[in-house]
Amino acid sequence: MSNIWILCKKELRSYFVSPIAYGLMAFFALICGYFFYAAVAIFVLRSTDPMMMQRGMPMDINEWVIRPLMMNVSVIGLFMIPMITMRLFAEEKKTGTIELLATSPILDIEIIVGKWLAAVLLYLSILGISAVNLAVVFIYGKPDWKPVLVAYLGLLLQGGCLLAIGSFISNCTKNQIIAGAGTFAVCLLLWVLDWVAAYETTTFGKMISYLSVTGHFENFAKGVIDTKDVVYYLSLSFFGLFLTARSMESLRWRA
Amino acid sequence: MIKVEGLTKRYARNVAVDNISFEVEKGQIVGFLGPNGAGKTTTMRVLTCFLPATDGKAEVAGFDVRSQAMDVKRRVGYLPETPPLYPEMEVREYVEFVGRLKGVPKANLQARVDEVCGRCNVADVKTKLIAKLSKGYRQRVGLASAIIHNPDVLILDEPTAGLDPEQRKETLALIKELAGEHTIILSTHILPEVETICQKVIIISKGKLVATDTMENLNSRLRGSELLEVEVGARTGSINKDSVQSRLSSVAGVSRVEFKDVRNGHLQFHVESQQGESVRAEIARSVVSADWDLLELHGAGLSLEEIFLQLTASDKGAK
Ligand SMILES: Nc1ncnc2c1ncn2[C@@H]1O[C@H](COP(=O)(O)OP(=O)(O)OP(=O)(O)O)[C@@H](O)[C@H]1O
Ligand SMILES: [Mg+2]
């Protein structure tokens, strides 16, 4: 357990002494701010629309601002995850520091979980920036806070499973660029699977849509925790970490 | 302390280490020699549990590298060919990190860090970023972190590569000093180093063990047969190379005569004597009685370097 923490700390530190963490934060702040602005603009436009006013029901800020923002954030995450995970193992393999870790009295799984945990924490701290935007909503409106928490839980779960997959891909190569590009391709694929699902009603179509990462996020964005989604994210995380462990083992055998 | 039996390591197709066996006793310093690509690094990686062996057994500090890897890892300090450093860390921070990884108890971690930094002469750069260190300092930081957990066995892959002569001497002195408490295997290409600090030598070539012996035995082997440099010139007129060679070869006790060079019209030969034979007087007499001039006759000594070249070259010839 303490070994995991030793590695996690080391990894977090190297994220924060390099420009990666700050670059991602700046990127995210910019994009997230833009989407927030867009969502608020639409909300204002619609709510002042006489047609809508006639319905006599105030527009729900959760539905009109927070939900679309969270959906967008979950997609932005797909672009950031490769940047976070690409160096995780590829760099250590390239510089040979993996030799230090692999000859220390710690388990492979402790190395993997420690690194993954650091990636998750970094991801969370980047997501934290979006809280600044939401704070504005809480100051000027009265949104329900429970769906917001659920949405963040969803983002965390989604991030966790993609980061696990990214760790695996980073473990397969010495080249950070390849690791990043590969992870990006997989993230993209898991995203666009959802598009097919919109038109497919066959069993196969449903299966495909079940695999989509963003598809499972929709419920979370609505503030609904569905066990099916939680199970999907958790099992995909375990699967990713398991694959990483296997790859570490097999690389050692083939070396 | 280290026991290797029939160790074989195969990469996809090529055999990097082929059925080698050797033993190292507690407190010894062993030199691990071999030309490039001989399989030294590979053997060390197996001993440190970084790579699994394809076949054979290896025991380090009484534990099997395959089935008791954790116990082995706790007792081994390893300095890989390129020190595994994180450039974004400070020296002190790095050594501390390695200490934690190796399970040094928190209570005496700081004291250990100070101690090994002092021992490896990196105390003055403790707060420097590793990225900004010179190659020699990096090597020493690597060594410092390899001994942080006071391991029973130290495995050093070319610990003096890239050091200046002064630092090399210091590092060797340090390694020698460490030998009392630790058992050390070090690989190197610099043979005089081995001669000065090692008690035992293991020579491999192309994955095969070609010699394993104590330094004393090797030394007596060196003294046993003598290598002489002989320079012969004509007293009058010219001199025939072949006739000199055959005359030298016919001297009793000579095992091999090799023509080297012509200098100022004089012929130079390398003459190797058989085990335990002294042939200098006979050679002198034989040259002079043939009415040639004997211009030089001195021992060239059979150094470890030559033994090394002979052993690894004869292996090449056999293939
Ligand atoms: N990861 C690897 N994959 C495939 N072959 C390898 C690998 N590492 C080493 N080899 C091969 O194994 C053989 C032994 O290599 P090794 O690195 O052990 O030699 P060495 O004795 O350390 O050489 P040097 O003195 O140059 O360091 C070489 O033929 C090399 O090509
Ligand atoms: Mg080597």
Side-chain angles (χ1 to χ4, degrees), chain A residues 1-23 86-115 117-118 122 171 174 176 245-255, chain B residues 9-13 16 41-42 44-54 60 63 65 68-90 93-94 96-106 109 129-131 142 145-146 148-149 151 155 157:
Chain A
M1 210 43 217
S2 72
N3 287 334
I4 294 178
W5 182 233
I6 292 168
L7 272 154
C8 179
K9 259 199 320 205
K10 173 230 140 202
E11 214 58 49
L12 271 180
R13 201 186 160 282
S14 62
Y15 273 129
F16 281 96
V17 294
S18 75
I20 308 177
Y22 304 106
M86 65 182 195
R87 53 166 291 283
L88 223 45
F89 289 92
E91 191 180 32
E92 303 238 14
K93 287 177 139 187
K94 182 129 205 161
T95 59
T97 45
I98 193 79
E99 222 164 330
L100 170 70
L101 301 184
T103 57
S104 295
I106 48 177
L107 301 169
D108 279 3
I109 196 71
E110 290 174 323
I111 301 175
I112 294 165
V113 172
K115 280 173 168 280
L117 203 60
L122 173 66
N171 204 322
K174 270 186 191 174
Q176 287 193 46
R246 294 317 303 233
S247 131
M248 205 135 157
E249 221 171 282
S250 81
L251 284 180
R252 222 181 257 191
W253 283 92
R254 277 187 284 127
Chain B
K9 173 72 197 175
R10 220 170 286 134
Y11 289 113
R13 220 165 276 133
T41 301
T42 307
M44 291 184 156
R45 284 180 165 175
V46 172
L47 291 180
T48 52
C49 309
F50 182 64
L51 290 177
T54 313
V60 177
F63 296 95
V65 292
Q68 295 161 306
M70 276 298 158
D71 293 295
V72 172
K73 287 176 185 178
R74 258 191 283 276
R75 287 166 181 81
V76 171
Y78 176 39
L79 176 66
E81 221 161 354
T82 41
L85 306 173
Y86 294 102
E88 73 270 12
M89 286 191 186
E90 282 173 12
E93 194 188 351
Y94 173 76
E96 219 178 288
F97 169 68
V98 176
R100 286 215 188 89
L101 272 188
K102 304 282 179 183
V104 177
K106 254 208 185 91
L109 182 59
L129 221 51
I130 288 178
S145 57
I148 181 82
H149 56 309
I155 296 183
D157 202 349

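For a residue to count as touching a neighbouring chain, one of its non-hydrogen atoms must lie under 4.5 Å from one of that chain's; by this rule B:Val98 touches chain A with the side chain only. Proximity to chain A is absent for every atom of B:Leu79, based on heavy atoms less than 4.5 angstrom apart. Within the 4.5 angstrom heavy-atom criterion, no atom of B:Glu81 approaches chain A. With a 4.5 Å cut-off on non-hydrogen atoms, B:Arg45 touches chain A through its side chain but not through its backbone. Using a 4.5 Å cut-off between heavy atoms, A:Glu92 contacts chain B through its side chain alone, with no backbone atom that close.
Counting only N and O atoms by type, the side chains of B:Tyr86 and B:Glu93 include no donor and acceptor under 3.5 Å apart. A donor atom on one side chain and an acceptor atom on the other are not found under 3.5 Å apart for A:Ser18 and A:Arg87.
With chain B as the partner, the residue from A:Val17, A:Ile6, A:Leu7, A:Thr95 showing the most heavy-atom pairs under 4.5 Å is A:Ile6.
In this structure, the side chains of B:Arg74 and B:His149 stay at 4.5 Å or more apart for every pair of heavy atoms.
A donor-acceptor pair under 3.5 Å is formed between the side chain of A:Tyr22 and the backbone N or O of A:Phe16.
Separation of atoms OG1 (B:Thr42) and CG (B:Leu47) is listed at 11.0 Å; rounding is to 0.5 Å.
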